[in-house]
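Below is one structure, written out as structure tokens; comments come after it.
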Amino acid sequence: QVQLVESGGGLVQAGGSLRLSCAASGRTFTMGWFRQAPGKEREFVAAKTWGGSTDYADSVKDRFTISRDNAKNTVDLQMNSLKPEDTAVYYCNVESPIGDYWGQGTQVTVSP
């Protein structure tokens, strides 16, 4: 089983920045982030493969940057120019040789 430990998140004003981090206990392929706002379904935010390919949701392109350290099995999400609509619980997600795993979630709240 792969254990995920998330950190970061919190409360920030619109236009501000936050950084999320996620550490995985085992080998991973793709590492990424999803989010779920109240009353909405969980949605994809960003992902990065072991080889370095990245993908972003259109809503966060040019504002969020995903990075990872393959040696440490960590993935970070730098979130800039935050908007109130970015408010959600953010979940780390990893694809591993033994399955897909989710983090416990971390709250990001952006005030107007």
Side-chain angles (χ1 to χ4, degrees):
Q1 187 173 359
V2 175
Q3 303 289 336
L4 301 178
V5 178
E6 298 175 2
S7 60
L11 173 64
V12 66
Q13 288 187 332
S17 298
L18 286 173
R19 188 176 185 90
L20 306 181
S21 296
C22 175
S25 62
R27 185 183 175 191
T28 60
F29 296 142
T30 298
M31 302 183 79
W33 294 90
F34 286 69
R35 68 187 181 186
Q36 188 167 18
K40 295 187 177 181
E41 294 188 354
R42 191 172 298 187
E43 64 176 5
F44 170 78
V45 175
K48 191 162 189 172
T49 66
W50 178 270
S53 297
T54 58
D55 192 17
Y56 294 95
D58 288 342
S59 59
V60 307
K61 280 181 181 177
D62 300 323
R63 298 189 298 122
F64 291 9
T65 302
I66 189 169
S67 60
R68 64 180 288 173
D69 185 327
N70 288 343
K72 297 181 179 178
N73 278 329
T74 59
V75 62
D76 292 348
L77 185 68
Q78 178 65 41
M79 305 183 292
N80 298 330
S81 303
L82 283 161
K83 305 175 182 180
E85 51 264 44
D86 293 319
T87 295
V89 177
Y90 283 70
Y91 296 90
C92 178
N93 172 262
V94 302
E95 297 175 5
S96 80
I98 56 174
D100 293 356
Y101 293 88
W102 293 92
Q104 78 279 7
T106 184
Q107 177 70 45
V108 171
T109 302
V110 185
S111 62

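For the numbers below, each heavy atom of this structure counts, side chains included, while hydrogens, waters and symmetry mates do not. Just so we're clear, the structure is a prediction, and the values are computed from it rather than from any experiment.
- When only modelled atom types and interatomic distance are considered, N80 and S17 share a side-chain donor-acceptor pair under 3.5 Å.
- For T109 (side chain) and L11 (main-chain N/O), no donor-acceptor pair under 3.5 Å exists by modelled atom type.
- Annotation: side chain of C92 is in contact with side chain of V75 (closest heavy-atom distance under 4.5 Å).
- At a threshold of 4.5 Å between non-hydrogen side-chain atoms, the residues T49 and F29 do not count as touching.
- If you check the side chains of R68 and T28, you find a donor sitting under 3.5 Å from an acceptor.
- The shortest heavy-atom contact between V108 and G9 is CG2-CA, 4.0 Å.
- By the 4.5 Å heavy-atom criterion applied to side chains, W50 and N70 are counted as neighbours.
- Under the 3.5 Å distance criterion, the side-chain polar atoms of S96 are left unmatched by any main-chain donor or acceptor of D100.
- For E85, the CD atom sits in a packed shell: over 12 heavy atoms of surrounding residues, nucleotides or ligands are nearer than 6.0 Å.
- Judged as a ring pair (Phe, Tyr, Trp, His ring centres under 6.0 Å), the pairs with a partner in residues 85-112 (not counting sequence neighbours) are, in order, F34-W102.
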Walk me through it: do R35 and S59 pass the test side-chain contact (heavy atoms from CB on, under 4.5 Å)?
-> CA-CA 12 Å; R35 68 187 181 186; S59 59; 3.4 Å; yes
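- Judged purely by atom type and a 3.5 angstrom limit, T106 uses its side chain to pair as donor or acceptor with the backbone of G8.
- Nearest approach of A14 to P84, heavy atoms of both residues: CB-CD, 4.1 Å.
- Note: E6 CD to Q104 CD = 4.5 Å, rounded to the nearest 0.5 Å.
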Would you please test F44 and V60 for side-chain contact (heavy atoms from CB on, under 4.5 Å) and show each step?
-> CA-CA 10 Å; F44 170 78; V60 307; over 6 Å; no
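- Q36 contributes no side-chain N or O that, together with a main-chain N or O of E43, makes up a donor-acceptor pair within less than 3.5 Å.
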Tell me, with the steps shown, if Y56 and V45 meet side-chain contact (heavy atoms from CB on, under 4.5 Å).
-> CA-CA 6 Å; Y56 294 95; V45 175; over 6 Å; no
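- Atom-to-atom distance recorded for T65:OG1 and Q78:CD is 7.0 Å, nearest 0.5 angstrom.
- Tracing side-chain contacts under 4.5 Å through hydrophobic residues (I, L, V, M, F, W, Y), one never reaches V89 starting from L18; they form parts of separate clusters.
- A distance-only check finds a donor-acceptor pair linking the side chain of N73 to the backbone of G26 [under 3.5 Å].
- Under the 4.0 Å criterion applied to side-chain N and carboxylate O atoms, D55 and K48 are not assigned as salt-bridge partners.
- Remark: W33 CH2 to I66 CD1 distance equals 8.0 Å, nearest 0.5 Å.
- For D58 and K61, the salt-bridge test passes: some basic side-chain N is under 4.0 Å from an acidic carboxylate O.
- Rounded to the nearest 0.5 Å, atoms CD (Q107) and OG1 (T87) are 7.0 Å apart.
- Between D86 and M79, every side-chain heavy-atom pair lies at or beyond the 4.5 Å cut-off.
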Show your working on side-chain contact (heavy atoms from CB on, under 4.5 Å) between V94 and R27 and close with a plain yes or no.
-> CA-CA 9 Å; V94 302; R27 185 183 175 191; over 6 Å; no
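- Side-chain N or O atoms of R63 include one that pairs as donor or acceptor with a backbone N or O of S81 at under 3.5 Å.
- Salt bridge present: R19 and D76 bring a charged side-chain N and a carboxylate O closer than 4.0 Å.
- Taking 4.5 Å as the limit, some side-chain heavy atom of I98 sits within range of a side-chain heavy atom of V2.
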